[in-house]
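Beneath this line is the structure, given in structure tokens, with notes to follow.
Numbered from 1 within each chain, the chains take letters A, B, ... in sequence-line order.
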Amino acid sequence: MTHRMTDYHSPEARAAVALPPGLDEVRVRFAPSPTGSLHIGGARLVMYNVLFAHGQAKRAGKKGAFILRIEDTDQKRFVEGSAQGLMDGLTWLGLGWDEGPDLGGPYAPYVQSERQHHYREAAEQLLASGHAYRCFCTPERLQGVRDDQVKRNLPPGYDRHCRDLSVEQVQAKLDAGETFVVRITFPLEGETRFIDLLRGEIVFRNDKIEDLVLLKSDGYPTYHLAVVVDDHEMDITHVTRGPEWIPTAPIHVQLYKALGYEMPIFAHMPLILSPSGGKLSKRDGSAALADFRERGYLPEALLNYLALLGWSLDGKTEFFTMDDLLEHFTIERVSAAPSTFDRDKLDWLNQQWINHHITVDDLAARVLPFLIEAGTIDDGPRDATHPRFQEVLVASSLLKDRIRHLTEAPDLMSYFLRDELEPYEAAMLVPKKVEPEAALAMLVAVRDALPGIDLTSHDATEARLRGLAGELGVKAGQLFMPIRVAVTGRTQSPGLFDTLAAIGQDRVRDRLDHAIALLSSEAPA
RNA sequence: GGCGCAUUCGUCUAGCGGCCCAGGACACCGCCCUCUCAAGGCGGAGAUCAGGGGUUCGAAUCCCCUAUGCGCUACCA
């Protein structure tokens with residue numbers, strides 16, 4: 001049967017493209033420019049890279065490496081500390097790299113600004129072979145050309161003004177000291193095509209593509225030259241990146257050919273859209289990885305969510321640890337369609353992780369820094385050696401099912417960890433369908449009975465309080481609510497008996513006294 | 001404007017020619033459990049598979065066209 005392009009849609013065919021039989025090592029890279037914080041989309045890309053190299057490739061019996069490379073060829077936009085922040089973020093997520101600026105490796109250096117001569121050599125080679133040419137046009141002229149094109153409703157673009165300069169003309173300008181950039185001599189006719197791992201073949205008409213700049217006048221390469229040269233020299237086998245690079249992929253393909261490099265496999269990963277449409281950005285709440293950390297998300301939950309945004313195992317499985325993903329992820333199952341970031345689902349996953357997938361000890365340890373930051377407990381070691389860790393542990397066990405974000409801990413745990421309750425309305429002490437006087441009487445009764453109750457015994461406390469409700473002639477719930485409010489200052493809390501035990505005899509008594517006083521002054525009998 | 005990519009419930013997705021008058025999950029609604037809130041259990045509503053043409057005995061699945069959305073259109077990446 002003829003091998004039509006449509007055959008590519010079968011899972012086997014896609015898998016074959018991802019891991020060709022002859023390939024024995026997968027090398028992928030993430031090459032961010034240090035111009036800001038790590039975007040959540042970048043974090044997902046890194047995860048997919050790691051899963052592909054360390055998971056899928058190794059499962060197939062091949063070697064796999066994930067490389068981190070810094071693309072700092074634009075000094076104008078360089079942001080100090082950005083690269084470090086980026087690495088910190090990935091480390092927090094638990095995503096490591098095999099080679100990188102900090103680790104070094106066989107292809108060092110991993111910072112483009114330190115690889116200048118490679119780009120210059122490649123540019124020389126292209127110039128010599130006629131695949132590139134020097135362009136002496138000034139930014140002003142370029143702008144003028146563009147303005148004119150826009151005015152005449154023509155597609156804006158470079159007019160190839162310097163493409164056919166004679167050797168003598170070029171030399172004359174060089175002698176005159178004119179600055180120049182190096183542009184690709186892009187074919188005027190024909191087509192450029194390549195296989196995208198997620199989409200199949202993509203074809204571009206060559207006459208629609210511009211002679212883009214390869215080497216800037218400051219001698220630095222543009223992305224187009226740098227990425228091709230570095231990916232080749234670092235033996236990158238799969239070029240993964242955002243979909244915004246599809247339109248310029250023909251430039252890269254032609255460069256590979258012109259330079260005589262072996263063609264890599266292209267995989268343009270999907271975009272993450274904001275709920276309001278368009279790219280996810282700061283305006284949509286947080287798009288920066290660091291924000292998620294601050295907002296109390298577990299790295300496991302974020303990873304879990306990100307994995308599912310654009311990829312699925314079977315459409316049913318929702319929970320994945322990194323190990324699960326390493327065991328099951330296949331890059332060819334990543335969707336080519338962009339997906340919308342859904343905060344609700346992330347929140348749900350985060351809560352699920354807290355509720356069901358981590359231990360109480362773990363929760364306590366993770367919550368500790370947030371409690372310290374908020375001033376709920378004093379500063380100290382941010383681990384189990386903190387003097388109040390035991391209390392945090394107890395509070396964590398009681399609130400485990402109720403926390404959605406770690407940031408909620410200071411508020412939710414305050415009545416366990418602080419002696420003073422936050423002020424609350426006296427009316428909260430009075431349940432529906434109960435008179436204030438009756439509520440007051442219940443509180444007094446409880447306070448009077450308190451010395452005889454062993455709060456450390458859940459069952460004994462329950463038995464005594466239920467009995468008390470009977471004696472008072474009220475429903476258990478009606479009695480429990482005033483107690484709950486008195487000891488926590490709020491109408492919602494973990495189970496009452498556990499809560500009382502955690503707060504302890506003395507504080508319970510004090511808080512009951514306070515509630516009685518409060519209610520008495522509000523509703524004098 | 002040009003070029004390109006994408007298109008299954010509001011959202012994330014399953015689906016690879018018959019198992020689909022479309023399955024799972026979030027969110028939403030109801031019920032159960034229950035001392036409150038969660039968690040948990042059960043159930044409901046929600047997609048004429050963007051639209052239209054083909055191909056086929058049969059299409060969400062293959063092909064074409066259109067529409068819409070998004071991306072790119074810098075000496076930024």
Report task. Could you give the distance separating B:G4 and B:U8 at their C1' atoms, to the nearest angstrom? Result -> 23 Å

Legend entry - Ring centroid separation A:Trp353 to A:Tyr305 under 6.0 Å: no

Check: What distance, rounded to whole Å, do you find between the two P atoms, one in B:A67 and one in B:G52?
Finding: 15 Å

Q.
Taking the ring of A:His405 and the ring of A:Phe370, is the distance between their centroids below 6.0 Å?
A. no

Practice prompt. Could you measure between the two P atoms, the one in B:C9 and the one in B:G1, and give it in whole Å?
Written response: 27 Å

The residue, A:Gly315 or A:Ser217, whose nearest nucleotide of RNA chain B is more 5′ is A:Gly315

message = Need one value for A:Pro482: base, sugar-phosphate or nothing, where a base atom within 4.0 Å counts as base even if backbone is also close, heavy atoms only.
response = nothing

Of B:U11, B:C75, B:A77, the nucleotide closest to the side chain of A:Trp245 is B:A77

Paired to B:C49 by Watson-Crick or G-U wobble criteria (both distances under 3.5 Å) is none

Taking B:C70, B:A77, B:C26 as options, the one with an atom nearest any side-chain atom of A:Arg77 is B:A77

Against the side chain of A:Glu244, the closest entry in B:C72, B:U13, B:G1 is B:C72

Kindly say if A:Ser312 contacts the phosphate of B:A14, meaning a side-chain N or O under 4.0 Å from OP1 or OP2.
-> yes

(Q) Suppose we call two aromatic rings close when their centres sit under 6.0 Å apart. Are A:Trp311 and A:Tyr48 close by that rule? (A) no

Have a look at A:Pro139 and say if it touches a base, only the backbone sugar-phosphate, or nothing, with a 4.0 Å heavy-atom cut-off. base

Original post:
Taking the same atom, P, in B:A6 and in B:C65, what whole-Å distance lies between them?
Top reply: 14 Å

A:Glu210 has its side chain closest, among B:G1, B:U73, B:A14, to B:U73

- Item | Under-4.0 Å salt bridge between A:Asp147 and A:Lys151 | no

message: Counting only side-chain nitrogens and oxygens, does A:Thr73 get under 4.0 Å of the OP1 or OP2 atom of B:A77?
response: yes

note: A:Lys345, atom NZ; B:C28, atom C1'; distance rounded to Å ~ 15 Å

Self-check item: Pair A:Arg160 + A:Glu210, salt bridge at N-O below 4.0 Å
Solution: no

From CZ of A:Arg241 across to P of B:A77 the rounded distance in Å is 13 Å

**Prompt:** Does a side-chain N-to-carboxylate-O contact under 4.0 Å join A:Glu178 and A:Arg134?
**Reply:** no

A:Leu225 CG to B:A77 P, in whole Å, measures 11 Å

Thinking salt bridges, do A:Lys345 and A:Asp342 make one under a 4.0 Å N-O criterion? no

A:Glu318 atom CD is separated from B:A27 atom C1', nearest whole Å, by 13 Å

note: A:Arg343, atom CZ; B:A27, atom C1'; distance rounded to Å ~ 15 Å

Interatomic distance, CD1@A:Ile453 vs CD@A:Glu462, rounded to 0.5 Å, equals 12.0 Å

Classify A:Leu271 by what it touches in the nucleic acid, base, sugar-phosphate, or nothing, heavy-atom distance under 4.0 Å.
sugar-phosphate

What contact category does A:Val181 fall into here, base, sugar-phosphate, or nothing, at under 4.0 angstrom with non-hydrogen atoms?
base

Whole-Å distance, A:Asp314 CG to B:C12 P, equals 18 Å

Please enumerate all protein N or O atoms sitting under 3.5 Å from an N or O of nucleotides 3-8 of chain B, with distances to 0.1 Å.
{"residue": "B:C5", "atom": "O2'", "partner": "A:Arg199", "partner atom": "NH1", "Å": "3.3"}

Worksheet item: Where the side chain of A:Arg163 meets the backbone of A:Phe186, is there a donor-acceptor pair that is under 3.5 Å apart?
Response: yes

> Is the shortest side-chain N to carboxylate O distance from A:Glu201 to A:Arg193 below 4.0 Å?
Replying inline: yes

Applying the 3.5 Å cut-off to both distances, the Watson-Crick or G-U partner of B:A67 turns out to be B:U7

Ranking B:C75, B:A14, B:G23 by distance to the side chain of A:Lys316, first place goes to B:G23

**Report entry** C1'-based separation of B:U11 from B:C16 [nearest Å]
**Finding:** 24 Å

In 5'-to-3' order, the base (B), backbone-only (S) or no-contact (-) status of each nucleotide in nucleotides 33-43 of chain B, using a 4.0 angstrom heavy-atom cut-off, is --BBBBSS---

B:U55 and B:U61, which share atom name C1', separated by this distance in whole Å: 13 Å

When rounded to whole Å, the CD1 to P distance for the pair A:Ile184 and B:A74 reads 16 Å

Which part of the nucleic acid, if any, lies within contact of A:Arg183, taking any heavy atom under 4.0 Å across all strands shown: a base, the sugar-phosphate backbone alone, or nothing? sugar-phosphate

CG of A:Asp159 to CZ of A:Arg146, rounded to nearest 0.5 Å, is 10.0 Å

A:Arg160 CZ to B:C75 P, in whole Å, measures 14 Å

The Watson-Crick or G-U wobble partner of B:C20, with both key distances under 3.5 Å, is none

So, for A:Tyr220 and A:Tyr119, is the gap between ring centers shorter than 6.0 Å?
-> no

Mate of B:G30 across any strand shown (Watson-Crick or G-U wobble, both atom pairs under 3.5 Å) is B:C42

Please report the distance separating the P of B:C29 from the corresponding atom of B:G51, rounded so that it comes out in whole Å. 30 Å

Taking for A:Ala31 and for A:Trp311 the nucleotide of RNA chain B with the nearest heavy atom, the one nearer the 5' end belongs to A:Trp311

If pairing means Watson-Crick or G-U wobble with both distances under 3.5 Å, then the partner of B:A74 is none

Give me the distance, rounded to whole Å, that separates B:A14 from B:C20 when you measure between the C1' atoms they each carry. 11 Å

Kindly say if A:Ser339 contacts the phosphate of B:U13, meaning a side-chain N or O under 4.0 Å from OP1 or OP2.
yes

Quiz item: Closer than 4.0 Å, any side-chain N/O of A:Thr340 to the OP1 or OP2 of B:C12?
Solution: yes

message = Are A:Ile331 and A:Met269 packed together at the side-chain level, in the sense that at least one heavy-atom pair is separated by less than 4.5 angstrom?
response = yes

* Asked: Taking only N and O in the side chain of A:Lys216, is any of them less than 4.0 Å away from OP1 or OP2 of B:C76?
  -> yes

